[in-house]
2 protein chains.
Amino acid sequence: MATPLEKARMAPDSMKARILKAARRLFGQYGFHGTTTRMIAKDVEIDISTLYYHWGEKGDLYEAVIRDIYEDLKLKLSEVEKVIHGRPLSERMEISIDMMTDYLFDNPEISNLILFRYFTKTRHPTGHDIHVPELISDVARSMNLSEDKSRISTSARMQVLAIMNTIHNFISGEGFFRPMLGLEKKEYVVRVRETLKFILVPAFAGKAALRARSPAG
Amino acid sequence: MATPLEKARMAPDSMKARILKAARRLFGQYGFHGTTTRMIAKDVEIDISTLYYHWGEKGDLYEAVIRDIYEDLKLKLSEVEKVIHGRPLSERMEISIDMMTDYLFDNPEISNLILFRYFTKTRHPTGHDIHVPELISDVARSMNLSEDKSRISTSARMQVLAIMNTIHNFISGEGFFRPMLGLEKKEYVVRVRETLKFILVPAFAGKAALRARSPAG
DNA sequence: ATTCTTCTCCATCATTTGATGGAAACGAGC
DNA sequence: GCTCGTTTCCATCAAATGATGGAGAAGAAT
C-alpha cells in the first residue's frame, strides 16, 4: 500500500511527480505563503485544477514536499555514513562536508525548505516533524558525539544542529552572499567548503572533543 | 531633514513608531508574504487605511523595518566592540557571544528578518542591502581577522557570515528547536551559549587563526 | 461499440488581500 | 467659535488566490 508520496517518488515522470518537483523548487524559493498554486501549475504547464486533482489542498502538497526532501536527505546521509565509516573524526567531518555541500548545492531547495521550517510560522497549522529529531540523532551517532548510542545528549544534538545549519546557511544564502562577495559560482563553492572546515573541524578535532562534556571550561 | 524612519525611531509612542514595531514583529514571524497589512493594523488596533496613511505600500513598510533592525544591530555591535576592545581573541568572542545572544533573544525578530532576507525570494523586487557588507566588515575588523583594515579578505568575510548566522539560527529556530530538545527557555539560552562557544571559539583561538590563510592544509 | 476509469481543462466561487477616496474627528492657532 | 492642517475610520475596489463542479478527452476492458 503506497502513499501518494511514495507513488510520486517511484514514477518520476508521472504528473504527480512533476507537480511535486515543481512545488519543491518553488516552495523552496518563495516559501509557503510566497508560492501560489497557480505558480506551480504554470511551471508544470497544467491547469490549476489538475494540481488540485492530484494533491488536494495546498497545505497537503507542502507537507508532501517536506516529507520528500527528508526522504532524500536521509538517503544521502546514510550514503555518507557508509563512506566515512571507521575513519578518524576530522577526516569524517571533511568528507561529510564535501559530500553534503556537493549534494545540497545540487538540490538547494532542500536547504531552503529546512531552514524555512525552522524559522517561519505558517499561518496554517502544520504537523510537527518527526524527521528532524531522528536525523539529528543519526548524525550525532555517526559523529560519535555520544558514548550512549541510544540516548543522544542535548549538547550533542545542539552541536549537530549547529553544524547542519551552518551548511544550509551557505547553500540557501548563495543568492544573497555570492553577489555580495563578488564570487563566481565555482569559487563560491570552494570557499564555502573551506570556511565550513575552518570553522567546524577544530571544535571536534583532537582534545576539543573531550572538553565537550565539561561545559563552561 | 529626517526620513520617515528616523522620525519613527525618535518618537517611539507615535503612531508611525507603533506600526513599525508591530510590523517588525509580524514580518519577523511570518515573513513578507505571510504577513498581511490587515494583521499589522489589527495588532496596533487601528484601521488598515491608517497604516497606509503613515507608511504607504506594504513593500515600503517592509523596507523600513529592514533598515530599522540594521540600525539597531549596528548600535548593538558598536556597543559590544567597546566592551571587548583590547582583550584577547577568545575572550572577545565569548563576550560577544554572550552579549549578542542576550540581545537577540530579547529581539528575535532581528534574527528572523535577517535570515529571511538571506534565504527568501520576495516576488516583489527589493533593493539590495548596503547594510550587510558594511556590518560584516566591521565585525571582521573587530575580530582582527584581517591585517589590512581597509580591505577585508573574502575568507574573513565568510567566516564572519558563518559566525553570525550560527547565532541567528539558534535564536530564530527556538520555536522549533526548543520543543524538540525538551528544554525550558532559560535552559535553552544557556545551552545555546555553550554550543556557540564550543563550535565557534576553537577555530579562531590560538594557532588556528594563522592557518586561516593557508587553505586546504 | 460501449462502458468505465482516469485524467485534464474551462468556468466559476468565495475570500483574502493590497490599496484608495472621502467623510468625520481632533487639535492648534487665531 | 471658526479655520485649517493632521489624523483616523468607513466603505469600497480590483486583483489575486485557494478551491470546486462538471464537461469532455483518452484509453483500457468488456
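Keep in mind that this is a model prediction, so the values were computed, not measured. Reminder, nothing fancy here: chain letters follow the sequence lines and each chain counts from 1.
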**Study point:** Phosphate contact (D:dT8 OP1 or OP2) by B:Tyr53 side-chain N/O below 4.0 Å
**Key:** no

Outermost contacting nts on DNA chain C, any atom under 4.0 Å from chain B heavy atoms, listed 5' then 3', are C:dT17 to C:dG21

If I take atom [atom1] in residue [X] and atom [atom2] in nucleotide [N], what distance separates them, rounded to the nearest angstrom?
| X | N | atom1 | atom2 | answer |
| --- | --- | --- | --- | --- |
| A:Leu51 | D:dT17 | CG | P | 14 Å |
| B:Glu57 | D:dA15 | CD | P | 16 Å |
| B:Tyr52 | D:dC13 | OH | P | 17 Å |
| A:Trp55 | D:dG18 | CH2 | P | 17 Å |
| B:Lys16 | D:dT6 | NZ | P | 13 Å |

*asked:* Go through it in stages, so that I can follow the logic: the residues are B:Arg191 and A:Ser155, the test is side-chain hydrogen bond (donor to acceptor under 3.5 Å, both in side chains), and I'd like the CA-CA distance, side-chain angles, deciding distance and then a yes or no.
replied: CA-CA 7 Å; B:Arg191 296 292 201 136; A:Ser155 307; 3.0 Å; yes

Residue pairs meeting salt bridge (Lys or Arg N to Asp or Glu O under 4.0 Å), one or both in residues 177-186 of chain B, sequence neighbours left out, come to B:Glu174-B:Arg178, B:Glu174-B:Lys185

I want to check something: taking the side chain as every heavy atom from C-beta on, are [X] and [Y] in contact at a cut-off of under 4.5 Å?
| X | Y | answer |
| --- | --- | --- |
| A:Leu196 | A:Ile167 | yes |
| B:Met15 | B:Ile19 | yes |
| A:Asp60 | A:Trp55 | no |

Going through the checks in order, is the side-chain contact (heavy atoms from CB on, under 4.5 Å) test met by A:Phe32 and A:Lys58?
CA-CA 9 Å; A:Phe32 180 77; A:Lys58 186 185 179 186; 3.9 Å; yes

- Measure centre to centre between the rings of A:Phe170 and B:Tyr118, then say whether the value is under 6.0 Å.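 For A:Phe170 and B:Tyr118, the ring centres are not under 6.0 Å apart.
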
Tell me, with the steps shown, if B:Leu145 and B:Phe204 meet side-chain contact (heavy atoms from CB on, under 4.5 Å).
CA-CA 9 Å; B:Leu145 292 185; B:Phe204 299 93; 3.7 Å; yes

**Prompt:** At how many degrees, to 10°, do the end axes of the helix from C:dA1-D:dT30 to C:dC30-D:dG1 meet when each uses five pairs?
**Reply:**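 End axes: 10° apart.
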
Between the protein and nucleotides 26-29 of chain D, list every N/O to N/O distance that falls short of 3.5 Å.
none

Note to self: As a quick check of understanding, evaluate side-chain contact (heavy atoms from CB on, under 4.5 Å) for B:Glu79 and B:Tyr103, giving each step before the final call.
What the structure shows: CA-CA 11 Å; B:Glu79 188 188 310; B:Tyr103 179 67; over 6 Å; no

*Does the pair A:Lys197 and A:Glu94 meet the rule for a salt bridge (charged side-chain N to carboxylate O under 4.0 Å, His left out), with working shown?*
CA-CA 6 Å; A:Lys197 289 174 192 170; A:Glu94 290 185 3; 5.1 Å; no

Handout entry: Partners meeting side chain to side chain contact (heavy atoms under 4.5 Å, CB included) with A:Asn112 (sequence neighbours left out)
Key =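 By the side chain to side chain contact (heavy atoms under 4.5 Å, CB included) rule, A:Asn112 matches A:Ser172.
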
Pair A:Asp68 + A:Lys21, salt bridge at N-O below 4.0 Å
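Looking at A:Asp68 and A:Lys21, the cut-off is not met.
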
Please lay out, stage by stage, how A:Leu115 and A:Asn165 fare under the test side-chain contact (heavy atoms from CB on, under 4.5 Å). CA-CA 8 Å; A:Leu115 292 179; A:Asn165 288 343; 4.1 Å; yes

- Stretch residues 33-49 of chain A: residues that reach within less than 4.0 Å of DNA chain C through a heavy atom: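 Per residue number, the list reads A:Ile46, A:Asp47, A:Ser49.
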
